[in-house]
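Predicted, not measured: the structure shown is a model, and the values here were computed from it.
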Amino acid sequence: MTEGTTTSAAAEGVDTLSRLEQEGEIAADYLEGLLDIADLDGDIDMDVEADRAAVSIISEGGGRDLQKLVGRDGEVLEALQELTRLAVHRETGDRSRLMLDIAGYRAKKREELSELGAKAAAEVKSSGEPVKMKPMTPFERKVVHDAVKAAGLRSESEGEEPERFVVVLPA
């Protein structure tokens, strides 16, 4: 690799980081407006995780009111994430892969799904047979795929939305 290539790769990394930070800023402004309209209290935290902007709405008081924004099984959260991505797209013209978390729901869900993926991988290792899991959202499938990969196995998604599911395969 030449010095010019290294410099351009570093500049591209800075450009990507600043673009993701801009996505986070736009999303935060949009979500603050939403919280004001809904008359809900919450603080907005922005970060960049795994090459995507990550925005969290957190509450000091345990987030009881924020649970309304999560909804049953995260359905409202998924819808708000899509609306937030559309708001970012409207401002930037680029498709956003922004992740939204409210009151720690996704963080908790990620832990549960990682355990579920690890258990399925252990079952496949002991039985040698593939394991089909229940239908999941794209976020849920991604977490399970990552857990299975970390356990040294491979997995695939099968089926059509909204019934798409993960199959854990023997090594």
> Taking the side chain as C-beta and beyond, is there a heavy-atom pair between Met136 and Val143 under 4.5 Å?
Replying inline: no

> Is Asp15 paired with Arg19 through a side-chain N to carboxylate O contact shorter than 4.0 Å?
Replying inline: no

> So how far is it from Glu21 CD to Met46 CE, rounded to the nearest 0.5 Å?
Replying inline: 8.5 Å

> Atom OH in Tyr30, atom CD1 in Ile44: separation rounded to 0.5 Å?
Replying inline: 11.5 Å

> Applying salt bridge (Lys or Arg N to Asp or Glu O under 4.0 Å), which residue pairs with at least one partner in residues 36-57 are found, sequence neighbours left out?
Replying inline: none

> If you measure from the Lys or Arg side-chain nitrogens to the Asp or Glu carboxylate oxygens, is any gap between Arg85 and Glu82 under 4.0 Å?
Replying inline: yes

> When you look at Glu112 and Lys109, which way does the side-chain contact (heavy atoms from CB on, under 4.5 Å) test go after all the steps?
Replying inline: CA-CA 5 Å; Glu112 293 170 1; Lys109 190 78 169 168; 4.0 Å; yes

> With distance as the sole criterion, is a donor-acceptor pair present between the side chains of His89 and Ser96 under 3.5 Å?
Replying inline: no

>> Set out, in order, the CA-CA distance, both residues' side-chain angles and the distance that settles side-chain contact (heavy atoms from CB on, under 4.5 Å) for Phe165 and Glu158, then state yes or no.
In response: CA-CA 5 Å; Phe165 60 94; Glu158 293 183 3; 3.8 Å; yes

> Between Glu78 and Arg106, is there a side-chain N and carboxylate O pair less than 4.0 Å apart?
Replying inline: yes

> So, Asp29 side chain and Gly33 main chain: donor-acceptor pair closer than 3.5 Å or not?
Replying inline: no

> Does NZ in Lys132 sit with more than 12 non-hydrogen atoms of other residues, nucleotides or ligands closer than 6.0 Å?
Replying inline: no

